[in-house]
Amino acid sequence: MSVTAGDEAPIARSPKLLGKGAFGIVYEGSWNGEKVAIKRIDKAEFLVFNETAVDSSSGGQQREEENMKKLLHPNVLKLFHVKIDENFKYFYLEFCEATIGDYNKGTYTGPMPPSEADSLHQMASGLSYIHAMGQVHRDIKEDNVLIHISSTLKISDFGFSKPTTASGSYSLKSGIKGTQNYFSPELLKLAEEQASFGILAHQRSNISSDVFALGCVFFSYLTKGKHPFADARGSFFIPANVLEGKCKLELITDPLFRSIVGGMIAANPVTRWSLDAVELQLKPRLTQNC
Ligand SMILES: Nc1ncnc2c1ncn2[C@@H]1O[C@H](COP(=O)(O)OP(=O)(O)OP(=O)(O)O)[C@@H](O)[C@H]1O
């Protein structure tokens, strides 16, 4: 991983747009002759968007860079290079074909891992590695699992990631971050407290909230895009259903996958399954040597 500064435009004149996120635009580009995805973050926009939530130690883009630099795993998106100019910061990322969200919607029909168990295992293995490296992701969702042409799934987008203690806990002093429809019940309760009383300087959360979010991603992957806590009223009611434990596990037809997802989205973080347990349960079904 390298960092450079300079005026030379890193993005071609008419670049191919790959997607847009809350913090930046992603274009196709090249790095050392290899096709890459370049995520361009506008420094000013980022600061306005994040002004109430800046960590005392670093902003999100700095965090994304620092955290990604340390990670090297087949199921975690690789950061090759960072370039900085007056207005933007550019992340040169491993190029992927689509997201799990695209696959679920049917807009991506390219190469995938050979079986559902392989896909689930790859996602669990990437997240487990991130946790083992002492980080919590905090924004696991179907659009943050990318599909590489080699039929490999990769966890991406480290803008909200943070260091954890050895036991997997982390401070909420910079606020609760992430995507609400993937929040665990304990995070939703803390978010309600935060809305009433302000930022919870002394509260802590734990990597098990990432496991809950990945359980929701597993569910949507296995049901082609459904959310376990959505009902006929639409996605607006997902948080209320999470708090009431109203989920539709029966939509997963395979009993093993149903029990794994049930364990991952358990309401109680203490009894929620660990990723080690998830990987162990999937092992007999794997067709690939992971
Ligand atoms: N490495 C990549 N290769 C190919 N496409 C990518 C890559 N990274 C991101 N994209 C595309 O760009 C989109 C935006 O990605 P980005 O990480 O900026 O935001 P997001 O995670 O989708 O949203 P948000 O940041 O709002 O949570 C993705 O949904 C995906 O379609």
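Counting starts at 1 for both ligands and their atoms, in listed order. Any value given below was found using the heavy atoms of this structure, including those in side chains, with hydrogens, waters and symmetry copies removed.
Here's the thing with Cys96: one of its N/O atoms is less than 3.5 angstrom from an N/O atom of ligand 1. On a distance-only criterion, Glu97 and ligand 1 share no N/O pair closer than 3.5 Å. Between Thr99 and ligand 1, not a single N/O pair is under 3.5 Å apart.
Between the side chains of Ser205 and Glu186, not a single donor N or O lies within less than 3.5 Å of an accepting N or O. Lys39 and Tyr92 form no side-chain donor-acceptor contact under 3.5 Å, judged by distance and modelled atom types alone. Side-chain contact check for Tyr182 and Asp139: no donor-acceptor pair (N or O, by modelled atom type) lies under 3.5 Å.
Under the 3.5 Å distance criterion, the side-chain polar atoms of Asp118 are matched with a main-chain donor or acceptor of Thr287. No donor-acceptor pair closer than 3.5 Å links the side chain of Gln281 to the backbone N or O of Ile260.
Contact annotation: for Asp139 versus ligand 1, heavy atoms closer than 4.0 Å belong to the side chain alone.
Heavy atoms only, all atoms of each residue included: Lys177 and Phe183 are closest at O-CE1, 3.5 Å.
Of all protein heavy atoms, the one lying nearest to atom 23 (O) of ligand 1 is Gly21 CA, 3.5 Å. In terms of protein heavy atoms, atom 24 (P) of ligand 1 is closest to Ala22 N, 3.5 Å. Nearest non-hydrogen protein atom to atom 2 (C) of ligand 1 is Ala37 CB, 3.4 Å. Ranking the protein heavy atoms by distance from atom 10 (N) of ligand 1 puts Val26 CG1, 3.8 Å first. Here the protein heavy atom with the shortest distance to atom 25 (O) of ligand 1 is Asp157 OD2, 3.2 Å. In terms of protein heavy-atom proximity, atom 16 (P) of ligand 1 is nearest to Lys39 NZ, 3.8 Å. With respect to atom 1 (N) of ligand 1, the closest heavy atom belonging to the protein is Glu94 O, 2.8 Å. Scanning all protein heavy atoms for the shortest distance to atom 11 (C) of ligand 1 gives Leu18 O, 3.7 Å.
Across Leu146, Ile25, Thr179, Val36, heavy-atom proximity to atom 8 (N) of ligand 1 is greatest for Leu146.
Of all atoms in ligand 1, numbered sequentially from 1 with element shown, those under 4.0 Å from a heavy atom of Asn144 are 20 (P), 21 (O). Proximity to Lys20 (heavy-atom distance under 4.0 Å) selects the following atoms of ligand 1: 13 (C), 14 (C).
Partner Leu127 forms a side chain to side chain contact (heavy atoms under 4.5 Å, CB included) with one of Asp210, Val145, Val278, Asn75 and no other, that one being Asp210. Each of Ile265, Asn181, Leu187, Leu188 was compared with Val242 under the side chain to side chain contact (heavy atoms under 4.5 Å, CB included) criterion, and only Leu188 meets it.
By the neighbour-count criterion of 12 heavy atoms within 6.0 Å, atom NZ of Lys16 is sparsely surrounded, having that number or fewer from other residues, nucleotides or ligands.
Using a 4.0 Å cut-off between a side-chain N of Lys or Arg and a carboxylate O of Asp or Glu, Asp157 and Lys141 do not qualify as a salt bridge.
Residue contact check for ligand 1: Lys141 places a non-hydrogen atom closer than 4.0 Å to it.
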